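What follows is a set of notes on a single structure, which appears directly below.
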Amino acid sequence: MRFGIVTLFPEMFGLVSKFGVVGRACDRGLLRLHLSNPRDFARDRHRTVDDRSYGGGPGMVMKPGPVVSALDALRQDLPGAQVIYLSPQGRKLDQEVVAGFAGQGELILLAGRYEGVDQRVLDHYVDQELSIGDFVLSGGELAAMVVVDAVARLIPGVLGDEQSARADSFSESLLDYPHFTRPAEFQGALVPQVLLDGDHAAVARWRRKQSLGRTELRRPDLLARCSLTETDRQLLAEYRREREAGRQE
């Protein structure tokens with residue numbers, strides 16, 4: 001997987017490429033980051049990449065020329081890549097979008113700054129705008145790192161256990177089940193007995209039930225999109241009964 005990233009702060013990506021899942025992917029040659037700084041394409045001695053907004057108003061806007069030149073430089077290495085602009089006005093990032101990106105092989109991420117990028121760039125050079133949530137960041141770099149990390153998890157060979165990605169929250173539009181490790185008792189709180197008994201079928205059933213129940217409690221909108229089997233419905237009903245019984249004790 002190859003990412004092209006247009007950013008005024010390429011140094012920020014030096015960290016994400018050295019640690020954790022993304023760092024391992026880069027070390028193994030499974031992921032490559034191509035960085036392009038619009039300042040390198042500015043035509044004045046001050047390397048100016050922003051200017052005041054036509055019509056007035058606060059803040060500055062990224063100039064189209066340097067941004068387009070930075071995009072063109074990346075397209076030489078990534079000719080077939082989609083260009084994604086990180087913006088709070090874009091489509092909300094979810095696991096379905098992440099999986100789609102992972103299947104493309106290459107992607108260009110445009111990280112804006114200031115009040116944003118000149119609209120003519122977005123109209124003529126950007127394929128899609130993408131948001132990581134309903135809030136505003138100082139720039140698109142952190143959002144771009146989120147996209148890189150999420151996609152990296154789905155690249156074959158990146159994770160030590162390929163089952164990890166398939167078991168993650170949202171992989172089936174369901175939230176993840178609870179996880180426990182040693183010791184079996186911590187400050188009086190016990191690990192559920194079913195996880196200690198060695199019955200793999202019972203463990204799988206318990207985990208599915210917890211995943212369904214958690215999703216209904218915390219993200220009912222996700223559950224509404226799922227195609228539940230009859231067994232799923234039975235597990236969900238069992239979860240509700242157990243939760244209600246726990247409230248009454």
Side-chain angles (χ1 to χ4, degrees), residues 1 20-22 24-25 30 82 84 88 90-105 107 128-135 143 146-249:
M1 182 77 192
V21 169
V22 176
R24 291 196 299 272
L30 301 173
Q82 276 197 80
I84 309 298
R91 175 183 175 178
K92 190 75 68 69
L93 179 69
D94 59 23
Q95 195 67 16
E96 180 181 356
V97 173
V98 170
F101 288 163
Q104 293 186 26
L107 203 65
Q128 182 181 162
E129 294 188 42
L130 189 69
S131 169
I132 65 168
D134 295 334
F135 51 88
V146 168
V147 174
V148 171
D149 188 276
V151 172
R153 296 180 59 82
L154 299 185
I155 300 172
V158 169
L159 298 180
D161 184 349
E162 295 301 322
Q163 294 294 327
S164 294
R166 288 192 285 272
D168 282 342
S169 290
F170 307 112
S171 60
E172 295 183 276
S173 294
L174 294 176
L175 300 184
D176 200 5
Y177 51 79
H179 295 267
F180 298 88
T181 189
R182 294 175 177 81
E185 179 179 350
F186 178 71
Q187 296 182 354
L190 302 174
V191 173
Q193 187 61 43
V194 65
L195 301 179
L196 306 175
D197 290 342
D199 186 335
H200 297 297
V203 169
R205 185 179 186 278
W206 180 87
R207 286 175 169 172
R208 182 69 176 180
K209 178 172 60 177
Q210 296 300 315
S211 184
L212 289 162
R214 278 187 163 196
T215 306
E216 182 179 60
L217 287 174
R218 304 179 184 186
R219 291 291 305 274
D221 58 308
L222 293 177
L223 193 66
R225 303 205 302 256
C226 293
S227 298
L228 301 183
T229 66
E230 183 57 34
T231 299
D232 287 336
R233 298 182 191 282
Q234 293 172 5
L235 290 173
L236 194 52
E238 186 177 313
Y239 181 93
R240 294 173 187 143
R241 290 194 299 270
E242 291 173 353
R243 186 167 184 270
E244 189 60 32
R247 284 177 173 176
Q248 295 173 357
E249 291 176 356

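These numbers come from a predicted model, not from an experiment.
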Between OG1 on residue T215 and CG on residue D176, distance to nearest 0.5 Å:
9.0 Å

Mind listing the closest non-hydrogen atom pair of S131 and G90 along with its distance?
CB-O, 3.6 Å

Have a look at E216 and tell me which of R243, R240, R233 forms a salt bridge (Lys or Arg N to Asp or Glu O under 4.0 Å) with it.
R240

Validation row: L159, V21 side chains within 4.5 angstrom (heavy atoms):
yes

Counting only heavy atoms not in F186, do more than 12 sit closer than 6.0 Å to its CZ atom?
no

Non-hydrogen atoms of A102 and M1 that approach each other most closely:
O-SD, 4.2 Å

Assess whether a salt bridge exists between D134 and K92, defined as any Lys/Arg side-chain N lying under 4.0 Å from an Asp/Glu carboxylate O.
yes

Looking only at non-hydrogen atoms, find the nearest pair between Y239 and Q210 and report the distance.
CE1-OE1, 3.6 Å

State whether R205 and E238 are salt-bridged, where the test is any N-O pair (Lys NZ or Arg NE/NH1/NH2 against Asp/Glu carboxylate O) under 4.0 Å.
yes

Sequence neighbours left out, what passes side chain to side chain contact (heavy atoms under 4.5 Å, CB included) with E185? Give chain and number order.
L190

As a quick check of understanding, evaluate side chain to side chain contact (heavy atoms under 4.5 Å, CB included) for R153 and D149, giving each step before the final call.
CA-CA 7 Å; R153 296 180 59 82; D149 188 276; 4.2 Å; yes

Please tell me if the side chains of L175 and L217 come closer than 4.5 Å, counting only heavy atoms from C-beta onward.
no

Quick one: list whatever passes side chain to side chain contact (heavy atoms under 4.5 Å, CB included) with V147, sequence neighbours left out.
F3, L86, L93, F101, L109, L130, V151

Non-hydrogen atoms of L154 and A99 that approach each other most closely:
CD1-CA, 3.7 Å

Correct closest heavy-atom pair for V98 and A150 would be CG1-O, 3.4 Å

Show the numbers, then the answer: is there a side chain to side chain contact (heavy atoms under 4.5 Å, CB included) between L236 and D232?
CA-CA 6 Å; L236 194 52; D232 287 336; over 6 Å; no

Minimum heavy-atom separation for C226 to L174, with atom names?
SG-CD2, 3.7 Å

Any side-chain to backbone donor/acceptor pair from S211 onto R207? Under 3.5 Å, distance only.
no

Quick one, R24 and V158 - any side-chain contact, counting heavy atoms below 4.5 Å?
no

Any side-chain heavy-atom pair of L235 and T231 under 4.5 Å
yes

Out of curiosity, Q95 CD to S173 OG, how far, rounded to the nearest 0.5 Å?
9.5 Å

Just wondering, do Y177 and H179 contact through their side chains at under 4.5 Å, heavy atoms?
yes

